[in-house]
*Asks:* 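Take this structure, written in structure tokens, and hold onto it; I'll ask about it next.
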Amino acid sequence: MKGYVGLLLAVVLCCVSAQEAHSDRSPRIVNGLNAANTPYNAYVLYLNSGNSGFFGGGSLISDRHVLTAAQNIAGFVRWEVGLGSTVYGQLNMQVSTQAVAHPSFNMANRANDIGFIILPQPVVFTALISPIQLPIQGRTLPYENEEGMVVGFGFNTIGGQTRSDFLKVGHQRVISDSRCVGIYQITTPNHFCAEDVVQRSNVCNGDLGAGFVVSDRRIDTLVGVASLITASCDSTNPTGYARVSQYRQWIRDNTGV
């Protein structure tokens, strides 16, 4: 799975509809594997008033709300949200015209890079579609060196230009804040960084907004929103995430979740 960089939007608009052949061990999320059923995962295509845009990820947090990056919301007017499958062509799609970015989002440095899409129709929860738990208020997750999982349909080769037809998964471990701020212009603890030094799985273009999930007290919990990657979308630099626990009250105030 890989994430995308919003600043490269104009360069990659032409790639929205491109498709890529599938192999079990090709580099995605970079160097990720095929994901098992991930019922909270959302594919998000975002479009502006001129019908131009790109795609990213998100996480279902209620029957009407998908948490994603603010960069997938600010300046856009329509969102096509896909749920319920690890195969792109089998996603259940809804089209939304309502989304809210954090009021203090800054595109230049990705400060407060979090927001949510409001679905036009409540989804019915099944084994294939169900929400992810959010952190308990007051708990600052994740911890340094904690391992988490991130999934997405994004580009799957370094320098790639095509979306994955299959959901990919990577596992990363949280690094120190001092290393994180040495790579990205961020404010801690609002952001954190994570990396995979074993398989070199990483977020790439088409994955930004995807959720970083850890097991908290044996319950899968959404603790990060993919926000920052290096321009080359490589497999060695860490991914930067908005820390969900820092925005827990804002999410509750605006969604009721």
Side-chain angles (χ1 to χ4, degrees), residues 1-4 20 22-46 54-61 66-69 72 80-93 114 117 123 126-134 141-142 146-157 160 162-174 192-196 198-216 219-229 233 235 238-242 244:
M1 117 182 64
K2 309 188 177 192
Y4 65 89
E20 174 178 25
H22 161 60
S23 65
D24 285 342
R25 186 59 176 156
S26 61
R28 329 208 178 210
I29 265 188
V30 181
N31 299 322
L33 293 169
N34 284 349
N37 178 34
T38 313
Y40 62 84
N41 181 66
Y43 167 88
V44 177
L45 173 66
Y46 50 93
F54 196 54
F55 66 96
S59 301
L60 188 69
I61 61 171
V66 171
L67 199 69
T68 187
N72 297 351
E80 297 181 10
V81 178
L83 298 165
S85 182
T86 60
V87 180
Y88 176 80
Q90 297 176 9
L91 291 170
N92 298 303
M93 304 298 293
I114 196 166
I117 300 164
V123 297
T126 67
L128 299 178
I129 303 177
S130 62
I132 186 76
Q133 175 171 290
L134 295 177
L141 300 173
E146 187 169 12
E147 185 179 78
M149 178 183 81
V150 60
V151 298
F153 286 101
F155 294 0
N156 46 38
T157 57
T162 55
R163 168 189 44 74
S164 172
D165 288 331
F166 298 88
L167 188 67
K168 295 296 173 176
V169 59
H171 293 86
Q172 298 178 323
R173 199 168 290 278
V174 179
F192 68 89
C193 291
E195 66 180 356
D196 175 7
V198 180
Q199 298 294 337
R200 290 297 181 188
S201 61
N202 206 356
V203 166
C204 189
N205 293 324
D207 291 323
L208 291 183
F212 185 85
V213 172
V214 303
S215 178
D216 182 39
I219 299 175
D220 286 346
T221 303
L222 177 65
V223 297
V225 174
S227 172
L228 292 154
I229 58 171
C233 204
S235 61
T239 302
Y241 295 89
V244 174

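As a basis for the values below, the full set of heavy atoms in this structure was taken, side chains included, without hydrogen atoms, waters or symmetry mates.
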*Asks:* Check whether any side-chain heavy atom of Asp216 sits under 4.5 Å from a side-chain heavy atom of Leu141, and report yes or no.
*Replies:* yes
*Asks:* Would you call the rings of Phe192 and Tyr241 parallel, tilted or perpendicular, where under 30° means parallel and over 60° means perpendicular?
*Replies:* parallel
*Asks:* List for me each residue that meets side-chain hydrogen bond (donor to acceptor under 3.5 Å, both in side chains) alongside Glu146, sequence neighbours excluded, and say none if there are none.
*Replies:* none
*Asks:* Please find the pair of heavy atoms, one from Pro142 and one from Val214, that lie closest to each other, and give the distance.
*Replies:* CB-CG1, 4.2 Å
*Asks:* Please evaluate residues Phe166 and Val87 with respect to the criterion side-chain contact (heavy atoms from CB on, under 4.5 Å), reporting the C-alpha separation (whole Å), side-chain torsions for both, the decisive distance (0.1 Å), and the verdict.
*Replies:* CA-CA 5 Å; Phe166 298 88; Val87 180; 4.1 Å; yes
*Asks:* Shortest non-hydrogen contact from Val150 to Ala210?
*Replies:* CG2-CB, 4.1 Å
*Asks:* Let me see the working for Ile132 and Ile61 under side-chain contact (heavy atoms from CB on, under 4.5 Å), right down to the final yes or no.
*Replies:* CA-CA 5 Å; Ile132 186 76; Ile61 61 171; 4.2 Å; yes
*Asks:* Please report the shortest heavy-atom distance between Gly57 and Thr68, naming the atom on each side.
*Replies:* O-OG1, 2.7 Å
*Asks:* Atom CG of Asp196 and atom CD of Gln172: how far apart are they, to the nearest 0.5 Å?
*Replies:* 6.5 Å
*Asks:* Hey, could you give me the CG/OG1 distance between Asp165 and Thr86, rounded to the nearest 0.5 Å?
*Replies:* 11.5 Å
*Asks:* Restricting to non-hydrogen atoms, name the atom on Val151 and the atom on Ala35 that form the minimum distance, rounded to 0.1 Å.
*Replies:* CG1-CB, 4.2 Å
*Asks:* Please round to the nearest 0.5 Å and tell me the distance separating atom CD of Glu80 and atom CD1 of Ile117.
*Replies:* 11.0 Å
*Asks:* Rounded to the nearest 0.5 Å, how far apart are CZ of Arg173 and SG of Cys193?
*Replies:* 15.5 Å
*Asks:* Take Val169 and Thr38 through the side-chain contact (heavy atoms from CB on, under 4.5 Å) test and state the conclusion after the steps.
*Replies:* CA-CA 10 Å; Val169 59; Thr38 313; over 6 Å; no
*Asks:* For Ser201 versus Gly170, what's the shortest heavy-atom pair and its separation?
*Replies:* OG-CA, 3.5 Å
*Asks:* Looking at Leu83, Val213, Val66, Leu67, which hits side chain to side chain contact (heavy atoms under 4.5 Å, CB included) with Tyr40?
*Replies:* Val213
*Asks:* With rounding to the nearest 0.5 Å, note down the distance linking OH in Tyr88 to CG in Leu167.
*Replies:* 13.0 Å
*Asks:* Minimum heavy-atom separation for Ala226 to Val203, with atom names?
*Replies:* CB-CG1, 4.3 Å
*Asks:* Go through the steps for Ile129 and Thr126 under the test side-chain contact (heavy atoms from CB on, under 4.5 Å), then give the verdict.
*Replies:* CA-CA 5 Å; Ile129 303 177; Thr126 67; 4.0 Å; yes
*Asks:* For the atom pair NE2 (His171) and CZ (Phe212), what is the distance rounded to the nearest 0.5 Å?
*Replies:* 9.5 Å
*Asks:* Looking at Gln133, is its backbone amide N or carbonyl O close enough to the side chain of Thr221 to form a donor-acceptor pair, meaning the two atoms are under 3.5 Å apart?
*Replies:* no
